[in-house]
Amino acid sequence: MSSIYIFSPSGAVRDRKAFSKGVSVLRSLGHDVHIDPSALSSSERFAGDDATRLLAIERACESNCDVAMISRGGYGLTRLLPQLNYSKIKKEYNKETVNL
């Protein structure tokens with residue numbers, strides 16, 4: 001199965017029980033689930049301050065997991081776009097092995 005890295009670059013996770021249940025379901029399906037250290041952080045309505053969420057994105061990109069999955073969506077991610085270190089998080093793909 002896949003390795004999955006769960007992180008929170010947008011709104012804060014408010015229902016920790018549902019979050020845990022989702023992780024349990026993924027694991028029961030055989031996935032190797034990794035949870036970002038700040039996935040359950042909270043600052044106002046966001047999952048941590050901007051710096052915390054930017055670092056979570058970088059950790060997700062560096063994780064080498066098959067899938068990077070966000071815990072929930074929200075407007076908080078779009079406000080980070082100008083601050084992303086794109087050169088650090090970009091991946092080079094072999095176009096012969098990736099179906100785009």
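Under a hydrophobic-cluster definition in which Ile, Leu, Val, Met, Phe, Trp and Tyr are linked whenever side-chain heavy atoms come within less than 4.5 Å, directly or via other members, V13 and L26 are assigned to the same cluster. Both V67 and V33 belong to a common hydrophobic cluster when Ile, Leu, Val, Met, Phe, Trp and Tyr are linked at side-chain heavy-atom distances under 4.5 angstrom. By the rule that hydrophobic residues join a cluster once side-chain heavy atoms approach within less than 4.5 Å of another member, I70 and L84 end up as members of one cluster. Under a hydrophobic clustering in which Ile, Leu, Val, Met, Phe, Trp and Tyr are joined whenever their side-chain heavy atoms come within less than 4.5 Å, directly or via other members, L77 and F46 fall into different clusters. Criterion: ILVMFWY side-chain heavy atoms under 4.5 Å apart, direct or through other members. Under it, I35 and L40 are part of a common hydrophobic cluster.
Heavy-atom minimum distance, G76 versus R79: O-CG, 3.1 Å. A pairwise comparison of heavy atoms in A68 and A60 identifies CB-CB, 4.3 Å as the closest pair. Here the closest non-hydrogen pair linking Y5 and A56 is CE2-O, 4.5 Å. Contact record, E62 with K88: OE2-CE, 3.1 Å, taken as the closest heavy-atom pair.
Judged purely by atom type and a 3.5 angstrom limit, R72 has no side-chain atom pairing as donor or acceptor with the backbone of S10. Side-chain atoms of S2 do not come within 3.5 Å of backbone N or O of I4 as any donor-acceptor pair. Side-chain atoms of S43 never come within 3.5 Å of backbone atoms of G48 as a donor-acceptor pair (strictly under, hydrogens ignored).
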| field | Stepwise side chain to side chain contact (heavy atoms under 4.5 Å, CB included) check, S71 with F7 | value | CA-CA 6 Å; S71 61; F7 65 113; over 6 Å; no
| query | Is there a side chain to side chain contact (heavy atoms under 4.5 Å, CB included) between H34 and C65 once you walk through the steps? | reply | CA-CA 8 Å; H34 304 267; C65 287; 3.5 Å; yes
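In terms of the salt bridge (Lys or Arg N to Asp or Glu O under 4.0 Å) criterion, D66 has no residue partners (sequence neighbours excluded). Not counting sequence neighbours, R45 has no partner by the salt bridge (Lys or Arg N to Asp or Glu O under 4.0 Å) test. Taking the salt bridge (Lys or Arg N to Asp or Glu O under 4.0 Å) definition, one finds that R59 meets it with D36, sequence neighbours left out.
With a 4.5 Å cut-off on side-chain heavy atoms, L81 and Y86 count as touching. Proximity of M1 to D32: side-chain heavy atoms (C-beta onward) are nowhere separated by under 4.5 Å.
D50 and T52 are not linked by any side-chain donor-acceptor pair at a separation below 3.5 angstrom, with hydrogens and angles left out of the test. Counting only N and O atoms by type, the side chains of S38 and R53 include no donor and acceptor under 3.5 Å apart.
The distance from the CD atom of E58 to the OG atom of S63 is 12.5 Å, given to the nearest 0.5 Å. I57 contributes atom CD1, which lies 9.5 Å from atom CG of L55 (distance to the nearest 0.5 angstrom).
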